[in-house]
Amino acid sequence: MRLSKFAPRQAIKAGERKTTSAMIASIAADGVATRNAPFGHTLARLAHRRPGIVGLTADLAKYTDLHVFAQEHPDRFYQMGMAEQVLMSAAAGLAREGFTPFATTYAVFASRRAYDFICMAIAEENLDVKIVCALPGLTTGYGPSHQATEDIAIFRGLPNLTIIDPCDALDVEQATEAITDHKGPVYMRLLRGKVPVVLDSYGYQFQIGKARLLRHGSDVLFISSGLMTMRVLEAAKALEADRIGCAVMHVPTIKPLDAEAIRTAARQSGRMVVVAENHTIIGGLGEGVAALLMREGVTQVFRQIALPDEFLDAGALPTLHDRYGISTAEIVRRIREWTE
Amino acid sequence: MPRAGSNVSLAERAYRIRRHAVRMGEVQGQGYVGQALGVADVLAVAYFHALRYRPDDTQWEGRDRFLLSIGHYAIALYAALIEAGVLPEEELETYGTDDSRMPMSGMAAYTPGMEITGGSLGHGLGIAVGMCLGLKRKQSDSFVYNLLSDGELGEGSTWEAAMSAAHHKLDNLIAIVDFNNQQADGQSTATLSSEPVTDKFEAFGWHAQRVDGNDIEAVRAAFDIAKALKEPRPRVIVCDTLMAKGVPFLEARDITHFIRVEPHEWALALEALEKGRPQ
Ligand SMILES: Cc1ncc(C[n+]2csc(CCOP(=O)(O)OP(=O)(O)O)c2C)c(N)n1
Ligand SMILES: [Mg+2]
């Protein structure tokens, strides 16, 4: 509940202040290894052997790691200014002329402002445009204007569009390469800046449309995407102490869903299915998985860890992740509650 | 007019707005202080010369509406609202902290005096069009001001609203463009040039002026002209401003959208402001 704007607030002592995470949101837990700008570096590298790749942004190159590409390939970079609609239309135009445009902005502005342009100019024609967007879900404390809590709900209804929600730097790198090879429009949620590396210890390889079982466990099956896979892996480890065995299935491709893998894993009897996503509880991975399981006649106990159907508060990111239930500690707490 | 008869000069108001903003930046160790310092003179004229409002009743029907579409400039507007007596000065200590009324990006639900939720840039002018239409329906003589940025001139929605405002002859609309020649990736003239800006607005049917936004007298004169104009047209004042104005060592820094200030520099910035304080 938001406090009234007419009730003055007390000054806060310097030692107790929490700063609002700025545009460069760090989602890395303490001590986790990170890699810098995995998307920008991968795209710059790929562009050497893929002459069709061009990069476009709407005044957010520095904030989507596309500046790395722009520095290495200045003649293949188009600064479109803060104009997301022409960003998408122009990307469509370049694709029509045979190029492979990567268009970047924040997830909110692609999904909300430019939706019709993505729908009609890009997706309806099945054009080869890669839309890569920073600040997915709740990864900034700036409030609803920057929190893309419903981007997947918006895009899931769009035919032809492939939707990717990578978990870590490795995933971002491999997904960037895979979507370059893939023909057709793609929306990829981006983790930018210093991005944690966690999947390297799981023998992981990204493949479009494929879910991966990262961990076995007999009590709970987590199905997750994006940074929530990082979180549920941590939660699974913490829950070992409670003797709650948690399996983790990472689903980096939200659309098309890997129905086969999800169905098979969810069928294993006696396991509660918990879908965890950095997205509103409406219209995302959770509802996608639920519908899939219902259709297939798989009826396990089903729970969702997701953001509430609300406009979220501004504030420090750790505060907000706790408040809205997507921090590791909150996941652990709720699994304990649900398995009691 | 609030503080009628007050003998505090506009220059002193601008100085205090800058000081409040730097103190807020210090609280968070970051913030869009470059923008706040640049636009402080414009806000001083708006809040202490042009606007009609009641500090203790921000919902007063007879007020002029001031719409901040650039949510990241909130730090600047909070500073002006503190100086105007809408927000208590002590509260700047809460800037950007959890549950503060002063979040980093300006939102209507959080702050008295913040008319709209900004942050998704390119909304302000369109909302202003509707408020102007509404005020006219109510036979109100209030003005609607929209402070927008040079970056926002890139958004198509801004120009849809500009065309609409002229078509509907909105003479109660005054747009102020903070032209600091800066946006996220670099200089706005190099990112997506909107020049010649006043010609564009004029071609769209607006009355357009362009002034040095750090020259308080020039800004005051421009506001007076915009308010007094009898033509049935919307008005725009394009204000060329200098990022970080008033703190020379920041002005001289390689200017970016998000100016870095080292922890020890906040005190130095306050000192620099004090040095430039009007006598
Ligand atoms: C619709 C939209 N697109 C992109 C952004 C991201 N963004 C935040 S500030 C900014 C720069 C806008 O230009 P301006 O307001 O002139 O920047 P400043 O003068 O503060 O550097 C951008 C692109 C946004 N907030 N809204
Ligand atoms: Mg600017």
Side-chain angles (χ1 to χ4, degrees), chain A residues 1-14 16-24 57-64 66-67 70 79-87 89 105-106 108-109 112-114 117 140-147 311 313-316 318-320 322-323, chain B residues 26-32 58-59 71-72 74 87-114 117-123 149-158 183-186 188 190-194 256-258:
Chain A
M1 261 296 288
R2 228 170 253 170
L3 305 168
S4 161
K5 71 172 175 176
F6 296 112
R9 306 288 192 270
Q10 297 295 318
I12 296 169
K13 286 190 218 76
E16 294 164 12
R17 270 178 211 141
K18 278 198 187 147
T19 51
T20 296
S21 34
M23 316 310 289
I24 312 291
T57 191
D59 195 21
L60 287 172
K62 283 191 215 165
Y63 298 79
T64 56
L66 193 66
H67 64 297
Q79 173 57 266
M80 303 307 290
M82 195 172 67
E84 293 78 12
Q85 300 183 347
V86 72
L87 169 76
S89 304
T105 177
Y106 286 158
V108 275
F109 307 127
R112 296 174 185 164
R113 178 124 348 154
F117 297 81
T140 159
Y142 273 41
S145 64
H146 286 68
Q147 293 161 343
F311 287 110
D313 292 342
T319 308
L320 300 178
D322 276 337
R323 185 172 297 171
Chain B
E26 186 172 19
V27 165
Q28 280 288 316
Q30 59 171 358
Y32 296 92
T58 52
Q59 317 274 67
H72 63 290
L87 295 169
E89 186 173 344
E90 318 81 76
E91 226 177 294
L92 64 74
E93 295 280 334
T94 72
Y95 170 65
T97 58
D98 294 345
D99 299 320
S100 168
R101 292 199 293 178
M102 298 187 237
M104 300 277 282
S105 189
M107 286 179 273
Y110 283 72
T111 320
M114 187 69 74
T117 294
S120 178
L121 301 178
H123 282 263
S149 65
D150 48 358
E152 282 191 289
L153 299 178
E155 290 290 349
S157 57
T158 298
Q183 53 189 104
D185 274 339
S188 44
T191 301
L192 177 63
S193 181
S194 53
T256 56
H257 171 65
F258 200 76

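The model shown is predicted, which means the values in this text are computed figures rather than measured ones. Every chain is numbered from 1 and lettered A, B, ... according to where its sequence line falls, protein lines coming before strand lines.
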Side chain to side chain, [X] and [Y], heavy atoms closer than 4.5 Å:
X	Y	result
M107(B)	Y142(A)	no
H257(B)	Y63(A)	yes
S120(B)	F109(A)	yes
E84(A)	E155(B)	yes

Say whether, by atom type as modelled, one donor and one acceptor occur between the side chain of [X] and the main chain of [Y] under 3.5 angstrom.
X	Y	value
Y110(B)	A314(A)	yes
R101(B)	K5(A)	yes
D98(B)	G315(A)	no
R113(A)	L121(B)	yes

Counting only heavy atoms closer than 4.5 Å, note whether [X] contacts chain A via side chain, backbone, both or neither.
X	value
Q59(B)	side chain
M114(B)	backbone
H72(B)	neither
T58(B)	side chain
T117(B)	neither
S157(B)	side chain

(request) Please determine, among G143(A), A7(A), S4(A), P144(A), the option with the most heavy-atom pairs under 4.5 Å with chain B. (result) A7(A)
(request) Find the distance between OG (S100(B)) and CG (D313(A)) and round it off to the nearest 0.5 Å. (result) 12.0 Å
(request) Start with the C-alpha gap between R323(A) and D99(B), add the side-chain angles, then the distance that decides, and say whether salt bridge (Lys or Arg N to Asp or Glu O under 4.0 Å) holds. (result) CA-CA 12 Å; R323(A) 185 172 297 171; D99(B) 299 320; 3.5 Å; yes
(message) For D185(B) versus Q79(A), what's the shortest heavy-atom pair and its separation?
(response) OD2-NE2, 2.8 Å
(request) Search all heavy atoms of S145(A) against all heavy atoms of G118(B) and return the closest pair with its distance. (result) CB-O, 3.6 Å
Do you know which of [options] has the most heavy-atom pairs under 4.5 Å to chain A?
options	result
A108(B), P112(B), G151(B)	P112(B)
S105(B), G71(B), A184(B), A190(B)	A184(B)
S188(B), G122(B), G119(B)	G119(B)

(request) Output, in order, the C-alpha distance, side-chain angles, deciding distance and verdict of side chain to side chain contact (heavy atoms under 4.5 Å, CB included) for F258(B) and K62(A). (result) CA-CA 11 Å; F258(B) 200 76; K62(A) 283 191 215 165; over 6 Å; no
(request) Could you walk me through whether M82(A) and L192(B) pass side chain to side chain contact (heavy atoms under 4.5 Å, CB included), step by step? (result) CA-CA 8 Å; M82(A) 195 172 67; L192(B) 177 63; over 6 Å; no
(request) Side chain from CB out, backbone as N, CA, C, O: work out which of these in A58(A) comes under 4.5 Å of a heavy atom of chain B, or both, or neither. (result) neither
